Each structure stands twice: as C-alpha cells, then as structure tokens.
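Take a look at the structure below.
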Amino acid sequence: MPDAGHPEAVIAAARGRIDELDGRIIALIRERMAVSAHVQRTRLAAGGRRVHLAREMEILRHYREGLGRPGTQLAMTLLELCRGR
C-alpha cells in the first residue's frame, strides 16, 4: 500500500472523495426532483401549468452565472430530470 505522499495514494484518495461527492450530488438531485414534483402537482391542482418557463429561465441564468456556459447545459439536464413525464 503506497503511503500518502505517493501519487498513486493521492490519486486514490482524491477519487474516493469524488465518488463520495458524486453520491451526495445524486442524492441532492433526487431530492430536487421530489420537491419539483410537489411544486408541479400543487401548481396543476391550482389550475396552473406543469412547467413555468419564466422560472426555468431564472434557473438557467443562475447556473450560467455560477458555473459559466457549461452551467447552462447542467441546468438544462436538471430541468429535464425535474419536469416529470
């Protein structure tokens, strides 16, 4: 087993941390999907539409401002996951 100063150990530890972060991100996305579904059900029950385009534009802008151009694509993917079927 390489000690913590060896590149292999550093890389292995960093990859382990990335895997942990990915697990947390997936859990947060699933939580976001559930909250979004609740909002959609509530809006539909009140006679509204399932998708609120102005809100989606706010989300796209927020991700673009926080992450740059790739943030827009990430936000689009999240919106697609959260819109429901």
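As the structure is a computational prediction, the values presented were derived from the model and not from experiment.
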Report all side-chain donor-acceptor pairs from residues 25-41 shorter than 3.5 Å, counting only partners two or more places apart or in another chain.
| unit_1 | atom_1 | unit_2 | atom_2 | d |
| --- | --- | --- | --- | --- |
| Ser36 | OG | Gln40 | NE2 | 3.2 |
| Ser36 | OG | Cys82 | O | 3.0 |
| Gln40 | NE2 | Cys82 | O | 2.6 |
| Gln40 | NE2 | Arg83 | O | 3.4 |

Return all side-chain donor-acceptor pairs below 3.5 angstrom for residues 57-79, not counting sequence neighbours, or 'none' if the list is empty.
| unit_1 | atom_1 | unit_2 | atom_2 | d |
| --- | --- | --- | --- | --- |
| Glu58 | OE1 | Arg55 | NH1 | 3.2 |
| Thr77 | OG1 | Gln73 | O | 3.1 |

Pairing residues for Arg15 by the side-chain contact (heavy atoms from CB on, under 4.5 Å) criterion, not counting sequence neighbours: Ile11
Checking one residue: Ile18. Which other hydrophobic residues are in its cluster under the side-chain 4.5 Å linking rule? none
By salt bridge (Lys or Arg N to Asp or Glu O under 4.0 Å), Arg49 pairs with (sequence neighbours left out) none
List, by chain and then residue number, the residues other than Leu53 in its hydrophobic cluster (Ile/Leu/Val/Met/Phe/Trp/Tyr, side-chain heavy atoms under 4.5 Å); write none if there are no others. Val51
Just to verify, what does Leu21 make a side-chain contact (heavy atoms from CB on, under 4.5 Å) with, not counting sequence neighbours? Arg17, Arg24
Under the side chain to side chain contact (heavy atoms under 4.5 Å, CB included) rule, what do Arg50 and Arg43 come out as? Steps first, then yes or no, please. CA-CA 7 Å; Arg50 185 174 56 85; Arg43 191 171 39 242; 5.7 Å; no
